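The chain is numbered in sequence order, starting from 1. Indexing begins at 1, ligand by ligand and atom by atom, following the structure's order. Keep in mind it's a predicted model, so treat the numbers as computed, not measured.
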Amino acid sequence: MCGIVGYIGKEQAAPIVLDGLAKLEYRGYDSAGMAVFDGSEIRTRKAIGRLKILENLTRGGETMPGVSGIGHTRWASHGAPSDRNAHPHTNGTGTIAVVHNGIIENYILLKKKLQNRGYEFVSETDTEVLAHMLDYYYKGNPLEAITKVLHRVEGAYALGILFADHPEVIYAARKDSPLIVGRNESGSFIASDVPAVLKYTRTVYYMDNQEVAALRGDGICFYSLDGEMVEKESVNIDWDADAAEKAGYEHFMLKEMYEQPKTISDTLSPRLQNAGAGKVEEIVIEELNMTDEELRQVKKIHIVACGSAYHAGVTGKYVLEGLARIPVEVDLASEFRYRDPILEEGSMVIVISQSGETADTMAALRESKAKGYQVLGIVNVVGSTIAREADACLYTWAGPEIAVATTKAYSAQLVALYLLAMKFARVRGILSDEAYEALIEDLKRIPDQIEQLLAQKQTIQHFANRYLGAKDIFFIGRGIDYAISLEGSLKLKEISYIHSEAYAAGELKHGTISLIEEGTLVVALSTQPALYQKTVSNIQEVKARGAFVMAVANEGNRAIEKVSDYAVFIPETNPYFANSLAIIPLQLFAYYVAVGRGCDVDKPRNLAKSVTIE
Ligand code: AGP
């Protein structure tokens with residue numbers, strides 16, 4: 001997604017803006033630009049391609065002197081990547097500059113109105129409409145012009161705005177696209193995300209929807225769209241600076257894979273409360289804001305999410321239905337939001353999102369709330385829109401996840417769902433003390449078991465190197481193994497660009513098996529004892545057509561080695577938790593195939609870390 005950085009204060013703005021944009025490169029972009037007030041006018045430089053090009057063009061910012069500036073990395077939505085379409089965009093006289101993240105949904109109508117008033121456009125972007133609208137409404141008072149424009153705009157925006165005749169202020173505004181504001185003794189900052197400013201300040205404000213901020217070198221004021229002053233609480237960011245850096249790993253993705261044991265412990269431990277000597281911990285999820293009785297009243301759960309979060313939701317269905325016997329429907333958010341979903345009485349909606357800013361998931365949340373249903377968010381980014389708009393939010397304490405391909409946040413989402421399922425089962429009297437205690441012990445073993453699996457990375461890397469030239473790789477499984485297949489397949493294709501599909505193993509014979517050729521790699525998940533024999537039959541089906549089968553099975557199951565070509569084993573755990581372990585070798589496999597193919601593992605082509613547009 002696009003990245004925004006702005007600074008105003010005592011220091012030169014351009015180097016700070018460039019440094020901040022570099023920390024946002026993980027969001028995915030195709031061009032970059034900057035606008036700085038140089039003491040008499042706004043100077044703008046922008047270029048297609050990597051941020052390095054803009055840095056070289058401006059000699060690290062030296063050619064753009066000034067103490068107030070805004071910058072942008074663009075992930076194209078309206079208008080192809082080009083110098084012209086890169087941000088900032090300005091009005092005709094260059095006295096107003098705007099950077100924008102989001103989509104102005106009514107920009108075509110607004111553009112026509114402006115063109116009818118003689119405005120000329122130089123780009124294909126929706127953002128340029130904002131620059132000319134500000135010009136149209138500006139009569140000397142920037143805040144007045146901004147609020148007039150934003151009352152007429154539909155869609156999502158995070159904005160940084162410079163006015164040449166008010167160089168002592170940078171303006172920012174936000175609706176549905178994240179934007180934070182920060183301060184330190186040298187000045188004030190705006191940014192799309194915390195890593196951009198962490199080097200300068202730990203005190204940030206998360207802007208809320210339809211808020212405007214006026215940043216001066218010595219302070220920040222917040223306003224509503226009606227121009228009323230707004231009081232805001234700051235948030236102290238306790239992430240270590242290196243938490244957003246690679247800490248010695250080659251890629252953020254590998255670093256974050258190795259953080260999974262800690263992520264799971266951090267997500268688990270605050271919710272396992274000691275019940276006294278010799279007693280097993282009770283699951284306490286205070287953020288639920290629901291009494292045990294209200295939990296008992298839940299008749300159905302709708303889980304809604306995108307991508308890997310959706311895959312976690314598919315696992316959630318099996319675990320919630322299996323342990324708590326609550327009917328669960330899982331939907332892709334982009335489908336849910338447009339099918340006028342039928343939510344029965346007593347339904348609860350759970351939206352899952354690492355970033356908390358995914359447009360489709362946010363829309364699904366709003367659709368559910370508009371229908372009067374309680375929405376629980378399972379979110380990783382503190383203070384994100386979904387986290388703040390959900391009725392309750394269960395945070396997955398995974399810390400900043402920089403790699404576009406999620407790993408630690410996904411693993412934390414699984415654990416959050418396990419906790420929920422066990423909590424529901426417990427309050428509904430479905431889980432015996434003995435079964436509950438066994439599950440708690442299995443949960444607590446997962447971090448160490450993941451450490452064991454990560455220690456096998458060389459073996460997986462060796463196997464992965466045999467498939468760098470693969471054209472198609474299939475993942476199959478039944479039940480929770482199918483859910484694991486979905487995530488294993490996505491991990492592989494999104495970072496290695498190898499075509500891959502996940503199939504419910506029983507579905508293969510209904511078409512896909514025709515794609516299996518001599519040597520096609522099929523990864524067969526077989527961690528579910530109750531479905532094991534069925535999965536073995538599916539393995540035999542594909543082997544009969546020439547497939548090479550990599551099985552992922554439970555330790556001790558040596559029989560699987562007789563029916564597959566290569567077996568990877570996971571330590572013993574409750575079948576409901578198998579995803580948390582089986583996904584580790586699949587993450588490693590995807591990672592090493594991508595590395596072997598020379599792909600940009602942390603910033604795969606065409607992808608963004610947070611898809612804040614439809
Ligand atoms: C997962 O590796 C992908 N980056 C993508 O599918 C992601 O899970 C999806 O876009 C949802 O993002 P969210 O969890 O931030 O809502």
K.L.:
For Tyr338, what residues pass the ring pair (Phe, Tyr, Trp, His ring centres under 6.0 Å) criterion, not counting sequence neighbours?
P.N.:
none
K.L.:
Collect the protein residues that have a non-hydrogen atom under 4.0 Å from ligand 1 and hand them over in chain and number order.
P.N.:
Cys306, Gly307, Ser308, Ala309, Ser353, Gln354, Ser355, Thr358, Val404, Ala405, Thr406, Leu490, Lys491, Glu494
K.L.:
Determine the sole option in Thr315, Leu323, Leu443 for which the side chain to side chain contact (heavy atoms under 4.5 Å, CB included) test with Tyr576 is passed.
P.N.:
Leu323
K.L.:
Please state whether the rings of His251 and Tyr591 are parallel, tilted or perpendicular, taking 30° and 60° as the class boundaries.
P.N.:
perpendicular
K.L.:
Can you pull out every ring-ring contact (aromatic ring centres under 6.0 Å, His included) where at least one residue sits in residues 592-614? Sequence neighbours excluded, please.
P.N.:
none
K.L.:
Test of understanding: with ring pair (Phe, Tyr, Trp, His ring centres under 6.0 Å), list the residues that count as partners of Phe336, not counting sequence neighbours.
P.N.:
none
K.L.:
Honestly, is Arg597 close enough over Tyr467, meaning NZ or CZ under 6.0 Å from the six-membered ring centre and within 45° of the axis?
P.N.:
no
